[in-house]
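Right, one structure below, let's go through it.
FYI, side chains are in, hydrogens and waters are out, and symmetry mates aren't considered; it's all heavy atoms of this structure. Because the structure is a prediction, the values reported are computed rather than measured.
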Amino acid sequence: MRLRDLSTADLPQLVELNNAAVPAVPTTPINEMADLLEVSDIAIGAVDETDADTLHGFLIGLRPGSGYDSENYRFFTDRGTDYFYVDRIVVAEEARGRQIGQLLYARVFDLAREEGRDEVACEVNLDPPNPGSLVFHGRLGFSEVGQQSTKGGTVRVSLMAAPVLTITDA
């Protein structure tokens with residue numbers, strides 16, 4: 001597997017992968033996915049070495065100050081830490097267990113470290129439950145820093161953060 005930057009040409013695949021992962025992530029029509037891609041600071045996809053067109057997973061993230069209109073993003077902004085926010089990470093069902101999620105997050109942690117950020121932040125659904133994602137994020141060093149109800153009370157999330165350690169911290 002290797003990572004590559006996403007482009008608008010990837011939108012149909014992004015929507016297909018994203019919507020196949022519902023309820024772990026919200027259903028996202030192509031116009032909203034295009035808006036998310038436009039505002040993002042990192043948008044990367046995992047592809048096979050021999051097929052750079054077929055996405056097996058993707059991650060979309062943002063720096064503070066983007067003006068992104070998300071309840072969860074605002075939580076981290078209001079929290080006052082220097083963070084890099086992962087809005088969306090999706091791995092295709094048939095590609096799970098191949099360490100694609102770790103590969104995607106490794107790029108984000110490298111970027112956050114290069115920028116001198118304190119933490120990488122994300123949210124994971126508690127209701128509807130997403131126990132696999134909670135375990136995955138826990139293995140990567142994420143811990144809960146809050147909870148909130150979103151989407152008019154239809155979703156409850158665990159707001160999570162993981163420290164970005166520098167080489168001298170290790």
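- Salt bridge annotation for E71-K151: absent, with no cationic side-chain nitrogen under 4.0 angstrom from a carboxylate oxygen.
- Under a hydrophobic clustering in which Ile, Leu, Val, Met, Phe, Trp and Tyr are joined whenever their side-chain heavy atoms come within less than 4.5 Å, directly or via other members, I44 and Y68 fall into different clusters.
- Taken to the nearest 0.5 Å, the CD atom of E119 stands 3.5 Å off from the OG1 atom of T81.
- Under the 4.5 Å side-chain heavy-atom criterion for grouping Ile, Leu, Val, Met, Phe, Trp and Tyr, I60 is connected to L11 within one hydrophobic cluster.
- With contacts defined as side-chain heavy-atom distances shorter than 4.5 Å, the pair L36/E32 does not qualify.
- Classification of D110 and R113 as a salt-bridged pair holds, one side-chain N sitting under 4.0 Å from a carboxylate O.
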Verdict with supporting geometry, S70 and Y85, side chain to side chain contact (heavy atoms under 4.5 Å, CB included) = CA-CA 11 Å; S70 157; Y85 176 72; 4.0 Å; yes

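- The side-chain heavy atoms of R117 and V108, taken from C-beta on, include no pair separated by under 4.5 Å.
- The two residues H56 and V47 have their closest heavy-atom pair at CD2-CA, 4.1 Å.
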Evaluate side chain to side chain contact (heavy atoms under 4.5 Å, CB included) for Y105 paired with C122, printing each intermediate quantity in order.
-> CA-CA 11 Å; Y105 261 116; C122 69; 3.7 Å; yes

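- Rounding to the nearest 0.5 angstrom, the gap separating the CG atom in D127 from the OG1 atom in T154 is 9.0 Å.
- Here the CG-CD1 distance, from L3 to I42, works out to 8.5 Å after rounding to the nearest 0.5 Å.
- A side-chain contact (heavy atoms from CB on, under 4.5 Å) with Q147 holds for exactly one of L159, V157, L126; it is L126.
- Note on D51 versus R2: no salt bridge recorded, every NZ/NE/NH1/NH2 to OD/OE distance being 4.0 Å or above.
- Of all the heavy atoms in V164 and A112, the pair that sits closest is CG2-CB, 3.8 Å.
- Atom CD of E16 has 12 or fewer heavy atoms from other residues, nucleotides or ligands within 6.0 Å.
- Between D87 and E123 the shortest heavy-atom distance is O-OE2, 3.9 Å.
- The nearest pair of heavy atoms linking P128 to P23 is CG-CB, 3.6 Å.
- Using cut-offs of 30° and 60° on the angle between ring planes, the pair H137 and F142 is perpendicular.
- With rounding to the nearest 0.5 Å, the separation of CG in N18 from CD1 in I89 is 12.0 Å.
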Walk me through it: do V135 and R139 pass the test side chain to side chain contact (heavy atoms under 4.5 Å, CB included)?
-> CA-CA 6 Å; V135 169; R139 281 196 320 257; 3.6 Å; yes

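- Hydrophobic cluster membership is shared by V90 and L14, with clusters built from Ile, Leu, Val, Met, Phe, Trp and Tyr side chains linked at under 4.5 angstrom.
- Note: L104 CG to M1 CE = 10.0 Å, rounded to the nearest 0.5 Å.
- The residues R4 and D10 are annotated as salt-bridged, a charged nitrogen and a carboxylate oxygen being separated by less than 4.0 angstrom.
- Side-chain atoms of T77 and Y83 form a donor-acceptor pair, as typed in the model, at a separation below 3.5 Å.
- From L134, atom CG reaches atom CD of E144 across 8.5 Å, with rounding to the nearest 0.5 Å.
- No chain of hydrophobic side-chain contacts below 4.5 Å, direct or via other Ile, Leu, Val, Met, Phe, Trp or Tyr residues, connects V145 to V124.
- When only modelled atom types and interatomic distance are considered, S66 and Y73 share a side-chain donor-acceptor pair under 3.5 Å.
- Across all non-hydrogen atoms, the minimal contact from P64 to D82 is CG-OD1, 4.3 Å.
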Going through the distances and angles, do T54 and Q13 end up as a side chain to side chain contact (heavy atoms under 4.5 Å, CB included)?
-> CA-CA 8 Å; T54 303; Q13 277 190 88; 4.2 Å; yes

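- Put simply, V120 and L62 are part of two different groups of oily side chains (I, L, V, M, F, W, Y) that touch within less than 4.5 Å, one to the next.
- In the model, R88 has a side-chain atom that pairs as donor or acceptor with a side-chain atom of T28 under 3.5 Å.
- Of all heavy-atom pairs spanning L17 and A92, the tightest one is CD2-CB, 3.5 Å.
- With 3.5 Å as the limit, one finds no donor-acceptor pair spanning the side chains of Q148 and R156.
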